[in-house]
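First comes the structure, then the notes that go with it.
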Amino acid sequence: MDKYNHKKVEDNWKKHWFDNNIYKAVDFSPKPKKYILAELPYPSGKFLHLGHMMRYTVPEIYSRFMRMRGYNVLFPMGWDCFGLPAETYAIKNGITPQEAVAEAMTNFKASMQDMGYAIDWAREIDTSDPKYFKWTQWMFIELWKKGLAKVKVMPVWWCKELGVLADEEVLPDPDGPTGKKAERDGHPVEKRLFKQWVLDIPAYADRLLKDLDTVDYNEAVKEGQRNWIGKSEGAKIIFRVKNVEEKEIQLEVFTTRPDTIFGVTFLAISPQHPAVELLIKNTKNEKQLKDYIEKASGLSDLEKQKKDKTGVEIIGVLAENPLNWRRVPIFLADYILADYGTGAIMGVPAHDGRDYEFATKYNLEVVEVINNPKNNQENNDNADSEKLLYEGKGVLKNSDSFNNMGSDEATKAILQKLKEIGAGEEAVTYKIREQIFSRQRYWGEPIPLIYKKDGTIENIPIEQLPLELPIIKDFYATKEGESPLEGVGEWVNTTDSQGNAAKRDTDTMPTWAGSNWYYARYIDPKNDKEFANMDKLKYWMPVDKYFGDAGHTTAHLIYARFWYKFLFDLGLVPSSEPFNWRMSGGILLGADNRKMSKSRPEYSVDPKDTIDNYGADATRTFLAFLGPYSETFPWNENGIKACYRLMRDIYNLRVKVSNDIGSKGHAIEKDYHKTLKNITGMLEDLKMNTGVSEIMKFVNLLKKQKDIPQDIWRGFIAILAPFAPFLSEQLWQEINNYADWIDENSIHLQEWPQYIEELTVDAMVNIPIQINGKLRAVIAVKSEISEAEIREAVILEDKVRKYITSPEDIKNFRYVKGKVVSITI
RNA sequence: GGGCGAGUGGCGGAAUGGUAUACGCGACGGACUUAAAAUCCGUUGGGAGUUAAUCCCGUGAGGGUUCGAGUCCCUCCUCGCCCACCA
């Protein structure tokens with residue numbers, strides 16, 4: 001008998017599968033469609049590590065299962081090539097980004113084929129391919145035309161040596177001069193203002209929030225998105241100010257608690273607030289204020305967080321509370337965010353923790369306007385600081401005509417009053433920000449706009465797309481913070497639509513530009529007339545199951561939804577949501593118990609090693625067996641050895657398969673149908689880990705048999721197929737004695753076997769007997785037994801008689817059919 | 001500080017409110033071997049009891065609902081992830 005040789009088994013079949021593309025998805029097939037999507041990797045680094053493979057294996061097993069169940073399955077794969085990871089990798093290795101991604105794509109694809117992934121490679125995409133990013137650029141132009149892509153001056157990370165840096169290139173550096181350093185070479189990094197393209201995602205905030213109700217994401221993902229969008233309802237309230245030159249200035253604040261307006265004892269505004277310049281002019285401490293603004297602009301967000309709140313009073317101006325005309329001081333304060341709400345707040349120290357902290361520091365008055373229920377019962381003669389702060393709702397006091405109202409009632413009444421006097425109204429604000437959409441970098445989609453002599457902007461004509469990157473040797477970020485493209489004169493200098501000299505925009509798009517819509521391109525990847533044909537989109541979209549990184553729950557998933565909604569508004573896609581269902585995958589930890597990562601290759605397992613040593617089937621089965629998809633697991637080589645033994649044992653079972661087709665009455669007939677039923681349910685529920693254990697159990701049973709009926713063996717091979725595609729193909733071809741390869745004969749194009757329901761239930765069942773909640777006996781009875789019959793049987797049971805001397809002892813007898821007998825005595 | 005999730009053997013984990021610890025790893029004992037590895041067989045939550053029958057305890061802690069709770073509810077503790085001066 002020949003021994004299981006995983007190499008021999010696995011080298012044989014993948015050539016046939018991929019040369020003939022047996023896993024192809026058929027447009028407009030009459031079968032029901034199933035679009036199963038796993039996030040595309042970005043090809044940087046030498047290999048996809050086992051952590052990636054864990055992310056893909058469960059979706060892939062599911063895709064095979066659905067194919068065998070008669071669905072027309074689309075399970076595509078592609079490469080998110082543009083962006084920083086590839087550029088960094090190229091710099092480190094002294095090659096160009098183009099070379100870096102080409103090398104990585106080749107390796108990654110080979111790796112996935114080695115794993116046997118059932119991917120329709122005819123639909124492979126590469127976001128850095130001009131044929132692809134032509135459409136990314138085209139969509140950007142549409143966004144720009146609709147005013148959703150616009151130029152803004154924004155603070156970005158900047159370093160004297162390296163120029164503009166992305167968030168992920170910047171590390172904390174508590175001892176350094178700026179508190180931040182570049183990941184590369186450790187140069188100090190600070191924030192500088194630069195012109196940036198931004199996407200107006202907040203314009204879609206409300207729809208992004210509401211439409212969460214129409215999709216099937218798990219609650220954690222939805223909550224993550226809701227928090228990210230961060231809708232707050234409250235009011236905008238206008239405070240009047242006269243500056244030292246007696247000009248009237250209005251300061252608008254945002255608050256979620258209009259009911260506390262009588263407790264305002266100061267106003268605080270962001271140092272970046274647009275009215276600041278006017279406000280501080282000719283004030284007594286103008287110089288001090290200007291110094292403060294200068295200092296605050298240099299702070300990183302992290303530093304702002306750690307530091308105590310600071311502020312400087314604008315001496316000489318006061319703000320007037322519109323309801324009680326009380327005049328309060330105005331502070332510049334760095335704890336006020338310029339780009340949230342109105343960039344200004346009303347300070348209510350009695351009822352807001354941050355305001356309280358600030359007021360304490362600067363000796364500002366604390367006026368209580370909401371009764372603190374905790375203080376009610378006590379005589380608060382020793383009014384210590386803790387008791388002064390109360391952030392909950394309650395009954396108003398010290399609030400003129402609004403006294404004794406509850407917070408909710410008072411909010412309504414106060415808003416009504418503010419509206420009457422024209423000093424405020426309801427307002428909604430969101431945490432979600434405009435997203436910076438440009439990078440002063442080489443390796444990205446060029447922004448397809450040009451600047452005319454007169455300073456206006458126009459897009460390059462659609463027929464001239466794609467606008468490709470010039471091939472240059474020196475693609476490093478520049479020290480001045482300009483894009484490396486700035487120096488490529490022959491590329492930058494162009495002509496506008498009237499034939500006048502003009503300059504190209506030299507920014508490129510961020511890493512995540514291409515991944516906003518890639519799932520739509522898989523549907524029609526070769527189309528050069530449009531990004532995807534509407535009829536095909538109608539057939540395939542939306543995505544039925546979307547698997548990806550837990551870290552993408554907010555950013556990527558929101559951006560993609562925004563982008564798709566925009567396409568929907570243009571009438572170019574058939575639905576307003578791209579993904580019907582989403583599950584986030586867990587993490588595989590390396591030998592150092594930290595996440596496997598490209599940046600730490602020494603702790604990341606190359607699947608090539610496990611495929612060489614144990615085979616792709618064992619590797620796949622191991623990854624599926626680890627546990628639930630969304631959990632985190634440590635790498636353990638013994639686990640994969642166990643899966644190798646499983647494959648070997650299955651292979652060795654071949655010799656027991658009898659020539660008899662029929663399994664009727666065979667000892668394992670019922671076990672087979674039960675196993676099949678269990679695994680079918682588990683695969684539907686994506687519980688691949690228990691699916692593998694069902695296979696293990698059944699194999700343990702088969703090993704004990706003298707012979708295995710051929711129909712059960714055939715069914716078992718089909719059950720095995722999604723998990724171990726190579727071995728199952730081998731066994732299937734063998735049992736059928738196929739001489740030559742024919743696509744239709746592949747196990748992977750066979751139907752999923754049917755179980756017979758009657759054979760999954762046993763004639764006899766073991767029923768546990770609980771007496772007063774404690775398990776006292778187990779009896780075997782006919783599964784169809786009646787309550788009266790089982791009562792009789794239970795009373796006769798010796799172990800029960802130990803506790804019950806006569807039937808009268810039984811106060812309550814309960815039989816839950818097929819489950820349990822529960823007796824109360 | 002906010003949000004979400006999770007706490008079950010030595011370890012990864014299993015369990016529509018119904019026999020807790022399936023399946024796998026590890027460990028221990030045995031077989032084979034000159035020996036080791038590999039392989040095979042057996043044992044494996046804790047305690048009492050004779051290695052038996054049997055009994056007690058046991059799913060982070062404490063309460064509750066229920067005939068019955070790992071599972072549902074309340075309070076608390078711990079850990080993980082995400083967000084974080086968001087007014």
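These values consider heavy atoms only, across backbone and side chains, with no hydrogens, waters or symmetry-generated copies. Within every chain, numbering begins at 1; the chains are lettered A, B, ... in the order of the sequence lines, protein sequences first and strands thereafter.
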**OP:** With heavy atoms under 4.0 Å as the rule, sort A:R433 into base, sugar-phosphate or nothing.
**Re:** base
Original post:
Is A:K697 touching bases, backbone alone, or none of the nucleic acid, heavy atoms closer than 4.0 Å?
Top reply: sugar-phosphate
Subject >> Main-chain N/O of A:L212 paired with A:K222 side-chain donor or acceptor, under 3.5 Å >> reply: yes
Original post:
Touch check for A:K799, heavy atoms < 4.0 angstrom, all strands: base, sugar-phosphate only, or nothing?
Top reply: sugar-phosphate
Original post:
Would you say B:G26 has OP1 or OP2 under 4.0 Å from some side-chain N or O of A:N638?
Top reply: yes
**OP:** Take atom C1' in B:G49 and the same atom in B:C57, then report the distance between them in whole Å.
**Re:** 15 Å
**OP:** Describe the nucleic acid contact of A:K774 in one word from base, sugar-phosphate, nothing, applying a heavy-atom distance below 4.0 Å.
**Re:** sugar-phosphate
**OP:** Looking at every strand, decide which applies to A:N689 at a 4.0 Å heavy-atom threshold: base, sugar-phosphate, or nothing.
**Re:** sugar-phosphate
Subject >> Polar side-chain atom of A:E39 near backbone of A:D549 as donor-acceptor pair, under 3.5 Å >> reply: yes
Subject >> Gap in Å between the two P atoms, one belonging to B:A37 and one to B:A27, rounded >> reply: 11 Å
**OP:** Round to a whole Å and report the spacing from NZ of A:K431 to P of B:C85.
**Re:** 9 Å
**OP:** Report the nucleotide, chosen from B:A87, B:A14, B:G26, that has the shortest atom-to-atom distance to any side-chain atom of A:P628.
**Re:** B:A14
**OP:** Examine the base of B:C67 for any acceptor or donor lying under 3.5 Å from a partner atom in the side chain of A:T824, and report the outcome as yes or no.
**Re:** no
**OP:** Using only side-chain N and O atoms of A:T690, determine if any of them is under 4.0 Å from OP1 or OP2 of B:G13.
**Re:** no
Original post:
What does A:T342 touch in the nucleic acid at a heavy-atom separation under 4.0 angstrom: a base, only the sugar-phosphate, or nothing?
Top reply: nothing
**OP:** Could you check whether A:N700 gets within reach of a base, just the sugar-phosphate, or nothing at all, counting any heavy atom under 4.0 Å?
**Re:** sugar-phosphate
Original post:
Looking for any heavy atom pair under 4.0 Å, which part of the strands does A:Y629 touch: base, sugar-phosphate only, or nothing?
Top reply: nothing
Subject >> C1' atoms of B:G68 and B:G17, separation to the nearest Å >> reply: 8 Å
Subject >> Side-chain (A:S407) to main-chain (A:G394) donor-acceptor, under 3.5 angstrom >> reply: yes
Original post:
Expressed in whole Å, how much space separates the P atoms belonging to B:C40 and B:G46?
Top reply: 25 Å
Subject >> Whole angstrom value for the distance that separates C1' of B:C81 from CG of A:L589 >> reply: 13 Å
Original post:
Using a cut-off of less than 4.0 Å, is there contact between a side-chain N or O of A:Y803 and OP1 or OP2 of B:C55?
Top reply: yes
Original post:
Are any non-hydrogen side-chain atoms of A:E313 and A:F266 less than 4.5 angstrom apart?
Top reply: no
Original post:
For the side chain of A:E223, counting heavy atoms from C-beta on, which of B:C4, B:U54, B:U39 is nearest?
Top reply: B:C4
**OP:** Determine: side-chain N/O of A:R226 to OP1/OP2 of B:C83, distance under 4.0 Å, yes or no.
**Re:** no
Original post:
With nearest nucleotides of RNA chain B determined for A:G230 and A:E694 from heavy-atom distances, which residue corresponds to the more 5′ nucleotide?
Top reply: A:E694
**OP:** May I ask you to verify whether the side chain of A:Q770 and the base of B:G18 hold a donor-acceptor pair under 3.5 Å?
**Re:** yes
Subject >> Proximity to the side chain of A:V778 - top-ranked nucleotide from B:C55, B:U39, B:U19 >> reply: B:U19
**OP:** Measure from CZ on A:R645 to C1' on B:G26 and round the result to the nearest Å.
**Re:** 11 Å
**OP:** With sequence neighbours excluded, tell me which residues meet side chain to side chain contact (heavy atoms under 4.5 Å, CB included) with A:S822.
**Re:** A:Q770, A:R814
**OP:** Could you please name the option among B:A14, B:G24, B:C4 that lies closest to any side-chain atom of A:A642?
**Re:** B:G24
Original post:
P atom, B:C28 versus B:G18: distance in rounded Å?
Top reply: 37 Å
Original post:
Which whole number of Å gives the distance between the C1' atom of B:G12 and that of B:G3?
Top reply: 28 Å
Original post:
Roughly, in whole Å, what's the span from CZ in A:F633 to C1' in B:G24?
Top reply: 13 Å
Original post:
Counting just side-chain N and O atoms, does A:Y340 come under 4.0 Å of either OP1 or OP2 of B:A87?
Top reply: yes
Original post:
Under the 6.0 Å and 45° cation-pi test, does A:K309 pair with A:Y335?
Top reply: yes
Original post:
Passes ring pair (Phe, Tyr, Trp, His ring centres under 6.0 Å), A:F716 versus A:F698? Steps please.
Top reply: CA-CA 9 Å; A:F716 174 70; A:F698 191 62; 5.7 Å; yes
Subject >> Integer-rounded Å distance: B:C82 C1' and A:L557 CG >> reply: 14 Å
Original post:
Counting heavy atoms not belonging to A:E684, are there more than 12 under 6.0 Å from its CD?
Top reply: yes
Original post:
If you draw the axis of the six-membered ring of A:F813, does the NZ or CZ of A:R791 fall within 45° of it and under 6.0 Å from the ring centre?
Top reply: yes
Subject >> Nearest-nucleotide pick for A:R776, side chain only, options being B:A22, B:C55, B:C85 >> reply: B:C55
Original post:
Is the cationic atom of A:R582 (NZ for Lys, CZ for Arg) positioned less than 6.0 Å from the six-membered ring centroid of A:Y546 and within 45 degrees of its normal?
Top reply: yes
**OP:** Could you please name the option among B:U19, B:G18, B:A87 that lies closest to any side-chain atom of A:V820?
**Re:** B:G18
Subject >> Canonical and wobble pairing (Watson-Crick, G-U, under 3.5 Å) of RNA chain B, dot-bracket with | >> reply: (((((((..(((.....[....)))((((((.......))))))((((.....))))..(((((..]....))))))))))))....
Original post:
What is the glycosidic conformation of B:G9: syn, defined as within 90° of 0, or anti?
Top reply: syn
Subject >> Residue whose closest nucleotide on RNA chain B lies nearer the 5' end, A:G773 versus A:A344 >> reply: A:G773
Original post:
Tell me, which pairs form a salt bridge (charged side-chain N to carboxylate O under 4.0 Å, His left out) where one or both residues lie in residues 250-272 of chain A, sequence neighbours left out?
Top reply: A:R257-A:D259
**OP:** Looking only at side-chain atoms of A:F625, point me to the closest of B:G12, B:U19, B:A14.
**Re:** B:G12
Original post:
OP1 or OP2 of B:U66 less than 4.0 angstrom from a side-chain nitrogen or oxygen of A:R814, does that happen here?
Top reply: no
**OP:** From the options B:C40, B:C25, B:A87, select the nucleotide whose nearest atom is closest to the side chain of A:I345.
**Re:** B:A87
Subject >> Proximity to the side chain of A:M696 - top-ranked nucleotide from B:U19, B:C23, B:C85 >> reply: B:C23
Original post:
Mind checking the C1' distance from B:C73 to B:C83? Whole angstroms is fine.
Top reply: 29 Å
Original post:
CG of A:L588 versus P of B:G12: gap in Å, rounded?
Top reply: 14 Å
Original post:
Which heavy atom of A:K703 sits nearest a heavy atom of A:K656, and at what distance?
Top reply: O-NZ, 2.6 Å
**OP:** Specify the separation, in whole Å, of atom NZ of A:K641 and atom C1' of B:A37.
**Re:** 11 Å
Original post:
When rounded to the nearest Å, what value does the distance between C1' atoms of B:A69 and B:G80 take?
Top reply: 26 Å
Subject >> Length of the CG-P vector between A:N227 and B:G2, whole Å >> reply: 13 Å
**OP:** Please determine, for the side chain of A:N636, which listed nucleotide (B:G12, B:C25, B:U54) has the closest atom?
**Re:** B:C25
**OP:** For A:K703, answer base if it contacts any base atom (sugar-phosphate contacts may also be present), sugar-phosphate if it contacts only those atoms, and nothing otherwise; contact means non-hydrogen atoms under 4.0 Å.
**Re:** nothing
